[in-house]
Amino acid sequence: MLNKTAAAILKESKKYGWVLEPDAKRLFAEAGFDVPRFEWVRTEEETVAAGDRIGWPVVAKVVSRDVVHKSDAGGVAVGIDGPEAMKEIFGRFSAIDGFEGVLVEEMLPGIEVIVGGKIDEQFGAVVLAGMGGVGVEIYKDTAIRMAPVTGDSVESMIDDIKAGGILRGYRGAAGVNIEELKRLIAGFSILLVEMTDEVESVDLNPVLCSEERCVIADARIILKKSDN
C-alpha cells in the first residue's frame, strides 16, 4: 500500500518531524483510502476559486509547519458559504505563524470516528478506534489492538466501543457503513505496519462515517526523530 509517492512524502517530511495535512491526505489517497476533495492554495483569489470548484459550503484549514493542532490556533473554519466569508477566513489564517496556505475541502456529513495508531517500543504497531471529534480526550471511548487487525478482530474492536451502538444505528437513527469502517481500520493497520520504521504516531480524527462512506477528514502523521 505504501507506494513510491507515499514513501517520498514521508522522506521529504522527515526533516520537519511531521507531515502537513495536505501531504498526509495525499498519502492516504495514494494508499487507497477515501479522502475529501481538497485543494492546497496560497492566495486569497485561489481560495475563492477552490471554493467555487469544490462547491460551497466548504471547510478551510490553515497550512503551517508551526501549527500541528490547527483548532487550538484558530486555524479551522467550517460551513464557509461563499467568497466574502472565504476572504475573511483567508485574512485571519494568513496572520498565523508559519502560514503556507489554506487547505480547502468539501464539507461532508457523518458521525465522527477516530482511527489512530502508534509504534510502541515493546509491542510494535498498535491501532485504536473509537468515537472521535474534539471530545475524544474527554470520553476516552476507544478500543485498542495490535496491528495488523483483520477479520474478527476488527469486528470486536467496534463491539468494544461503548458508544458503538450509535455506529450501528440507535433508536431509529441511521448507522454508518460498518463494512467501510472495518475496511478502513484493517487497511490502516496494515499501512501502519508498513510505516513502522518511519512514523511515531498517526491520528485520523475525525473520520466522517455515513451510511455510504468513511472519509478521512483530518490526518496527522508524526514522524520518528532522525538519528542525525
Side-chain angles (χ1 to χ4, degrees), residues 1-42 59 61-73 75-76 96-105 113-130 132 136 142 144-150 154 180-181 183-208 214-228:
M1 297 175 71
L2 192 64
N3 63 20
K4 290 183 179 180
T5 300
I9 290 171
L10 293 177
K11 182 178 180 180
E12 175 62 27
S13 301
K14 187 87 170 179
K15 57 191 172 187
Y16 303 110
W18 65 290
V19 182
L20 286 172
E21 186 182 348
D23 290 331
K25 290 271 183 66
R26 195 156 57 93
L27 184 152
F28 281 104
E30 287 282 340
F33 294 87
D34 198 356
V35 303
R37 288 182 293 124
F38 71 90
E39 295 185 30
W40 179 4
V41 291
R42 292 169 174 78
V59 177
K61 303 174 187 178
V62 69
V63 180
S64 167
R65 298 194 190 277
D66 293 342
V67 179
V68 178
H69 301 285
K70 296 179 290 293
S71 294
D72 293 347
V76 178
I96 293 176
D97 290 346
F99 176 79
E100 292 185 44
V102 177
L103 178 64
V104 181
E105 61 185 34
V113 175
I114 182 173
V115 177
K118 68 176 184 178
I119 309 304
D120 185 89
E121 290 185 3
Q122 182 175 0
F123 298 107
V126 179
V127 173
L128 70 81
V136 64
T142 57
I144 300 173
R145 297 289 188 278
M146 292 177 63
V149 185
T150 57
V154 181
E180 281 299 302
L181 178 57
R183 187 182 72 83
L184 188 150
I185 294 170
F188 172 80
S189 75
I190 294 169
L191 183 63
L192 184 67
V193 171
E194 292 181 1
M195 298 192 297
T196 294
D197 293 338
E198 304 295 332
V199 307
E200 180 179 295
S201 66
V202 183
D203 286 319
L204 312 181
N205 183 32
V207 173
L208 292 174
C214 282
V215 185
I216 298 173
D218 200 353
R220 183 169 71 244
I221 302 172
I222 304 299
L223 301 173
K224 288 182 177 178
K225 293 180 174 62
S226 175
D227 294 332
N228 298 330

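Since we're looking at a predicted model, the values are computed, not measured.
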Original post:
Taking the side chain from E194 and the backbone from L2, do they hold a donor-acceptor pair closer than 3.5 Å?
Top reply: yes
**OP:** Hey, can you tell me if F33 and F28 have their rings parallel, tilted or perpendicular (30° and 60° cut-offs)?
**Re:** perpendicular
**OP:** Name all residues meeting the side-chain hydrogen bond (donor to acceptor under 3.5 Å, both in side chains) criterion together with R42; count only those two or more places apart in sequence or in a different chain, and write none if there are none.
**Re:** none
**OP:** Using modelled atom types only, decide if a donor and an acceptor are shared between the side chain of W40 and the backbone of D23 within a distance under 3.5 Å.
**Re:** no
**OP:** Looking only at non-hydrogen atoms, find the nearest pair between C214 and L184 and report the distance.
**Re:** O-CD1, 3.8 Å
Subject >> 4.5 Å side-chain heavy-atom contact, L103 and K25 >> reply: yes
**OP:** Could you tell me which non-hydrogen atom of G130 sits nearest to which non-hydrogen atom of V113, and how far apart they are?
**Re:** O-CG1, 3.1 Å
Original post:
Would you say K224's side chain and T196's backbone share a donor-acceptor pair under 3.5 angstrom?
Top reply: yes
Original post:
Which heavy-atom pair separates P36 from A217 by the least distance, and what is that distance?
Top reply: CG-CA, 4.2 Å
Subject >> Which atom of W18 lies closest to which atom of V67, heavy atoms considered >> reply: CH2-O, 3.2 Å
Original post:
Is there side-chain contact between E198 and K14, with heavy atoms separated by less than 4.5 Å?
Top reply: yes
Original post:
Do side-chain atoms of S64 reach the backbone of D97 as a donor and acceptor pair under 3.5 angstrom?
Top reply: yes
Original post:
Closest heavy-atom contact between F38 and R26?
Top reply: CZ-N, 4.2 Å
**OP:** Keeping the roles fixed (side chain from S13, backbone from V19), state whether a donor-acceptor pair exists under 3.5 Å.
**Re:** no
**OP:** Locate the shortest heavy-atom distance separating L192 from V126; write the atom from each residue and the value.
**Re:** CD2-O, 3.6 Å
Original post:
Would you call V63 and E21 a side-chain contact if the rule is heavy atoms closer than 4.5 Å?
Top reply: no
